[in-house]
Colleague: 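One structure follows; several queries about it will come next.
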Amino acid sequence: MANCQPTEYTGPLDSVPRKTPRQCSILLKKRNMPRYEARRIEAKWQAYWDAHHTFELNAAQAAADQPKLYVLDMFPYPSGEGLHVGHPEGYTATDIVCRYSRMLGKKVLHPMGWDAFGLPAEEYAIKTGTHPAVKTYENIDNFRRQLKMLGFSYDWSREFSTTDPDYYRWTQWIFLQIFDTWYDPTFEWTGPDGKMRTGKGRPIAELPIPLDVAAQGHDAVRRYQDKNRLAYQHEAPVNWCPELGTVLANEEVIDGKSDRGGYPVERRPLRQWMLRITSYGDRLGNELEELNWPESIKLLQRNWIGRSEGAEVDFFIGTTGHQISGDVRSLTPAVIQADMVNAARKQLELPGEIKFVGDGRTGPVRLLHNGQDLNLSPEVLGKIVGQAVAQRSQDVIGTDIAWKEWKKTRAESGFPKEPTADAIRVYTTRPDTLFGVTYMVLSPEHPFVDRLTTGAQKGAVEEYRRLASLKSERDRTDAGKTKTGVFTGGYALNPVNGQPVPIWIADYVLSSYGTGAIMAVPAHDVRDWEFAVKFAIPITPVVQAPAGYEYSKEERDLAREVNGQTEMPFAGLGTATNSGPYSGLPTLEFKSKISAELNAQGLGKIAVNYRLRDWLFSRQRYWGEPFPIWHELDKDGQPTGLMRADTPAELPVTLPPMADFKPTGTPEPLLSKAPAEWLYKTLPDGTRLKRETNSMPQWAGSCWYYMRFIDPKNHQAFVDPELAKQWLPVDLYVGGAEHAVLHLLYSRFWHKVLFDRGHIGTPEPFGRLVNQGMILGEAELTGYQDAAGQWVPANMATDGPEGGPAHVHKQSSQPLTSIKLTADQVTKQGNDFVLAAQTEISVDSRAYKMSKSRGNVINPDSVVKEYGADALRLYEMFMGPLEATKPWNMSGVEGIARFLARVWRMIADERQDHVVLNPAVQDVTPTVEQMRTLHKTIAVVTQGLDALSFNTVISRLMEFVNEITPQEPRPRAILEPFVLLLSPLAPHLAEELWELLGHTQTLAYEPWPQFDPQLLVESEVEIPVQVGGKLRGRIKLPAGANQETAEAVAKADPNVSQHLTGKQIVKVIFVVDRMLNFVAK
RNA sequence: GCCGAAGUGGCGGAAUGGCAGACGCACUGGAUUCAAAAUCCAGCGAGGUUUACUCCUCGUGCGGGUUCGACUCCCGCCUUCGGCACCA
């Protein structure tokens, strides 16, 4: 017997031999039971689904008259690491919905593909010399293998990669659409969705050309069009990452480092492609409204867009001849007189007494020589005045004349669309505080800074600008640091009262927001207050806080004592004071009134700004879509600045063959090293062209993939409009919250452009969005020890400084060592875990994000190998709500595997050496109880799947098994529906059992079991009885029993009656079949 | 600092105004076994109480409130996680 000991059977499930030697059969029958063999079953059914094209949606099915459901997983990047356990979480959820929906009779579109351009493959190429495409397609093969191994019901016939020329041909085509579009913000129209909108992306050919531009000829018109396209080129400081050899979008820079790799990023002015997403800011914000997305994600997007309403206002600075660049305030009339007298004496060479009468404000200026009016012509007077200006860099009269002229011109011409050179344009949300402006601030990069800087300030200003240019955006915008700035020496005139306002530069004003210049109202803005206090600039309050106004923490933090009085900024709404004719107006009324008034005078207009910036759309790397754009060259081979787009017929512009992928080390794109035949061409008319050598960012390919899945093989269009109409929008879109702003905003933007241009009929791509939560590593217990090996309580440990030890003591800053503890070293005390041996030492108990460095990464391959795909799928769904962040726990997977094995034994006979039905499964009529169990399960599972609460669905399936397994016989009539209920979640096991129950075809299209509410009604119910709201007993009643019956039965309960004795029943609360409560005194 | 989400046994979680802790894990005891694995059965918030069946008190981050009744609704705080962070 001993030699019959089948040691090999203790190995993994799949190594159990199917046939065993006869002589050992008695023992081996027991040993060799066909227990639940996940590996065999899963491989079998995956092969079946493939062979039968079970989940491929062919044209006939797609055209069928059934409700459609488009369920999409966020496009994965097929990394070399392979699948992470986070991926199957969302994928399983959508797979369950799809399988369930097919059984409900819906036609389901559920595709999968690859977002495969990007840096990692290119970095691998640099290291190894292999072409990025090689590694990319290898990774894709591995990813596909892993996904197939999990049994997801994707329609693999629709698979594609963004790197396929057949796909990026259409990415380039869509780029050309964007390039061919300008945004008309005032255009009113009704879209195919029947909604009225203001603002539309229109063909560039429809752009009205101003007469003066048209007069300059064809090239001027082209340049004007290029400036107005949704895809345009722009020279601006951008985030240049030398390590990655590319520029990055603002969104790809985190804390001054690159999102990918964490390399330093510097600011450099470069010519880059931009997409004018800000034009769609309003619609991207407003049209979030109707989407079935988590409110928190909508809010995140709204905040990201950051719409603000206010006004643009021009502050006069004079043209070159009339610079206001001295301290006007120091100029008393006497000083001005003296200046002008000096100028006149010099110019007219007149001895004797010279006197000016009038100052230009009250009437014409006259020059008296020895008391006699010389009746000088305005030209001569102007010359004298001009000299005075030249002598002293400020001239009140000159300024005053220019100022009046300027205002007059403005009143006639209206507010210019583009800022003019004679004024600083500011953006403010509080035009009602114009009377409180005591200084202005330009961003250090503002183009007017040089003009406005006076000689004395030149050195300081230049130094400040130099330092600012070296700082990263992050350093400059760190809210915590104290404000810095330099006075330029220049002044501007406040449009509401002509008061001169000193102009500063400071890096708290960003060149990329608004107009890059602000009017500062320290009394009513916390930033301006802080700055004004630091530089002793006057603070003029012009808004009265309402009675009982509660100052915010920010405001209170800036409080200061002046003459024994506490002063602080007031940034809220109130009543205007000290504001000329507007005094007494409430803030909002003031705002609209002054905006209108400024507009009437051509001094300002209502304006909207976005925190969102235009999308920096070019990269300098190889592994991305080439732009379908050519640059015209002049005789010397220099770009003329004019562009030509490829025609659709010329697409795709494929990547040139290259062997060297090393970055150029400069912002010169890698594609500039491409072969000349790719880079240059000559048109029939002799025009030399050079290709655009930037490539598109990774986001491009993922912006529209959901549309291509609808019609992936179409060679005539990116998608057939009829099919798009049928399938869009995506009905359920599941993925991680890390794409809350970028991907989701970018694809909504592209979608809207294509909508405006009439290519698709829906304004939004994704109807319902669900964010799956993150899966953390297994929970860890961590204790801390100091250098001497003494335990330190966990609440005394804190993160060490960057580059230093990982943990330090909160007080002494000594480095601490973290020690991983086991469960038996630790005990719970109150709310804390403490060392069992030293209960005064608390320890950390936490799950951390999975990371290679922490060594807590769970590999789906090994989970599947050990427990099977169904177990992995079910476990990920059982962990908790889909949206929640939750820690992994390997024994939880074992628990699920045990459940699946129990399901197996409920239906299959594991004592036999081949797969047969359990003899307990019989064709008998189910009992009423069994029917109730089944129908309760159908009800809970159906509702649970509709609500995506898979964890409770699985609980209910477990309860079914717990209830039914001990029973014999087990009626087939309840087991078959059970298998169908299980099938969306554990499809391989369900198919195997379905076959075992005698079916010859897949259950994928079996009708979903319907529940009969009649069968759920129980004849007898147990309800709780409370006395004074506290539970005192439970009574059994016939279903639907009335209050009298319930009270009688309840009073008969000894414990209830005991609690009622000596008390008076004041009131009885009774809810039929739910509860009974005696309110007693 | 601002915005958002969440705090329930040893752990993951269930219950969204009506029996707190379903279901699973871990743990404890038992059955089976030569033994182990697997499986099956029972117990499992804390404290008190009864020979026993029991019964009582407390308990959903903390403090208040509304209600016959609150994990659930309202007000104020604390903690953790995520996002934003000089956006005029």
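We name chains A, B, ... by the order of the sequence lines, and we start the count at 1 in each one. Values reported hereafter were calculated over all heavy atoms of this structure, with side chains retained and with hydrogens, waters and symmetry mates removed.
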Colleague: OP1 or OP2 of B/C25 versus the side-chain N and O atoms of A/R898: is any pair under 4.0 Å?
Modeller: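 Answer yes for this pair, as a side-chain N or O of A/R898 is under 4.0 Å from OP1 or OP2.
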
Colleague: B/C55, OP1 or OP2 - any side-chain N/O from A/H1059 closer than 4.0 Å?
Modeller: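 No.
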
Colleague: If you look at every strand shown and take non-hydrogen atoms under 4.0 Å, does A/F833 touch a base, only sugar-phosphate, or nothing?
Modeller: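 Sugar-phosphate only.
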
Colleague: Which glycosidic conformation, syn or anti, is assigned to B/G9 if syn requires a torsion within 90° of zero?
Modeller: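 Base orientation relative to the sugar is syn.
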
Colleague: Give the nucleotide from the list B/G18, B/A88, B/G1 with an atom nearest to the side chain of A/M1075.
Modeller: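 Looking only at side-chain atoms, A/M1075 lies closest to B/G18.
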
Colleague: Could you please name the option among B/G83, B/C87, B/C25 that lies closest to any side-chain atom of A/R611?
Modeller: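 The answer is B/C87.
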
Colleague: Can you figure out which of B/C19, B/C25, B/C87 approaches the side chain of A/Q1026 most closely?
Modeller: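 The listed nucleotide nearest to A/Q1026's side chain is B/C19.
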
Colleague: Would you say a side-chain N or O of A/R302 is under 4.0 Å from OP1 or OP2 of B/C3?
Modeller: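 For A/R302, the contact criterion (side-chain N or O under 4.0 Å from OP1 or OP2 of B/C3) is not met.
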
Colleague: For B/A35, which nucleotide is its Watson-Crick or G-U wobble mate, given both distances must be under 3.5 Å?
Modeller: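 The answer is none; no pair meets the criterion.
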
Colleague: Heavy atoms from C-beta onward define the side chain here; which of B/C86, B/G24, B/C3 lies closest to that of A/L299?
Modeller: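 Closest of the options to the side chain of A/L299: B/C3.
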
Colleague: Do A/R846 side-chain and B/C81 base share a donor-acceptor contact under 3.5 Å?
Modeller: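 When only heavy-atom distances are counted, A/R846 does not reach the base of B/C81 through any donor-acceptor pair under 3.5 Å.
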
Colleague: With both distances under 3.5 angstrom, what nucleotide forms a Watson-Crick or G-U wobble pair with B/G82?
Modeller: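 Here B/G82 is engaged in a pair, and the nucleotide opposite it is B/C3.
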
Colleague: Does A/P1024 or A/T885 map to a spot on RNA chain B nearer the 5' end, using the closest nucleotide for each?
Modeller: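 That would be A/T885.
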
Colleague: Nearest whole angstrom, please: distance from the C1' of B/A85 to the OH of A/Y513.
Modeller: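 Value for this atom pair: 14 Å.
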
Colleague: What's A/I1069 touching, base or sugar-phosphate or nothing? Going by heavy atoms closer than 4.0 Å.
Modeller: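 Counting heavy atoms under 4.0 Å across all strands, the contact made by A/I1069 includes a base.
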
Colleague: How close or far is atom P of B/A88 from atom NE2 of A/H524, stated in whole angstroms?
Modeller: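 Value for this atom pair: 17 Å.
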
Colleague: Less than 4.5 Å apart, side chain to side chain, heavy atoms only: is that true for A/I907 and A/N918?
Modeller: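 They are not in side-chain contact.
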
Colleague: Could you let me know what B/G9 is paired to, Watson-Crick or G-U wobble, both distances under 3.5 Å, or none if it's on its own?
Modeller: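 Per the H-bond distance test, none.
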
Colleague: Mind checking whether A/Y439 and A/F531 have ring centres under 6.0 Å apart?
Modeller: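 Centroid distance A/Y439-A/F531: below 6.0 Å, so yes.
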
Colleague: In whole angstrom, give the distance that lies between atom CD of A/E968 and atom P of B/C40.
Modeller: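 Rounded to whole Å, this separation is 14 Å.
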
Colleague: Could you check how far CG of A/L781 sits from C1' of B/A26, rounded to whole Å?
Modeller: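 To the nearest whole Å, that distance equals 13 Å.
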
Colleague: Of the options B/G18, B/C87, B/A22, whose atoms approach the side-chain atoms of A/E959 most closely?
Modeller: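 Among B/G18, B/C87, B/A22, the one nearest the side chain of A/E959 is B/A22.
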
Colleague: Does a salt bridge link A/D432 with A/R430, judged by any charged N lying under 4.0 Å from a carboxylate O?
Modeller: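 A salt bridge links A/D432 with A/R430.
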
Colleague: Would you mind telling me which of A/R854, A/K849, A/R846 makes a salt bridge (Lys or Arg N to Asp or Glu O under 4.0 Å) with A/E780?
Modeller: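 Only one of A/R854, A/K849, A/R846 forms a salt bridge (Lys or Arg N to Asp or Glu O under 4.0 Å) with A/E780, namely A/R854.
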
Colleague: Base, sugar-phosphate, or nothing: which does A/N1055 touch, judged by heavy atoms less than 4.0 Å apart?
Modeller: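 Sugar-phosphate contact only - A/N1055 comes under 4.0 Å of backbone atoms but never of a base.
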
Colleague: Write down the distance between CZ (A/F960) and P (B/C23), rounded to a whole number of angstrom.
Modeller: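 It works out to 16 Å between those atoms.
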
Colleague: OP1 or OP2 of B/A14 sitting under 4.0 Å from any side-chain N/O of A/N951?
Modeller: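 Yes, within the criterion.
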
Colleague: If you measure from the Lys or Arg side-chain nitrogens to the Asp or Glu carboxylate oxygens, is any gap between A/E554 and A/R556 under 4.0 Å?
Modeller: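 Judged by the 4.0 Å cut-off on N to carboxylate O distance, A/E554 and A/R556 do not form a salt bridge.
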
Colleague: Side chains of A/N609 and A/S308 only: does a donor on one sit below 3.5 Å from an acceptor on the other?
Modeller: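 No - no donor-acceptor pair under 3.5 Å links their side chains.
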
Colleague: Closer than 4.0 Å, any side-chain N/O of A/K886 to the OP1 or OP2 of B/G12?
Modeller: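 False: A/K886 side-chain N/O out of range (4.0 Å or more) of B/G12 OP1/OP2.
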
Colleague: Picking from B/G24, B/C86, B/C19, which would you name as closest to the side chain of A/F878?
Modeller: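 The answer is B/G24, which lies nearest to the side chain.
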
Colleague: At less than 4.0 Å, is any side-chain N or O atom of A/N962 found next to OP1 or OP2 of B/G24? Yes or no.
Modeller: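 A/N962 to B/G24 OP1/OP2: side-chain N or O found under 4.0 Å.
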
Colleague: Ignoring backbone atoms, test whether A/R1032 places a side-chain nitrogen or oxygen under 4.0 Å from the OP1 or OP2 oxygen of B/C55.
Modeller: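 Result: no.
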
Colleague: Using a heavy-atom cut-off of under 4.0 Å over every strand shown, decide if A/P881 touches base, sugar-phosphate, or nothing.
Modeller: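 Sugar-phosphate contact only - A/P881 comes under 4.0 Å of backbone atoms but never of a base.
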
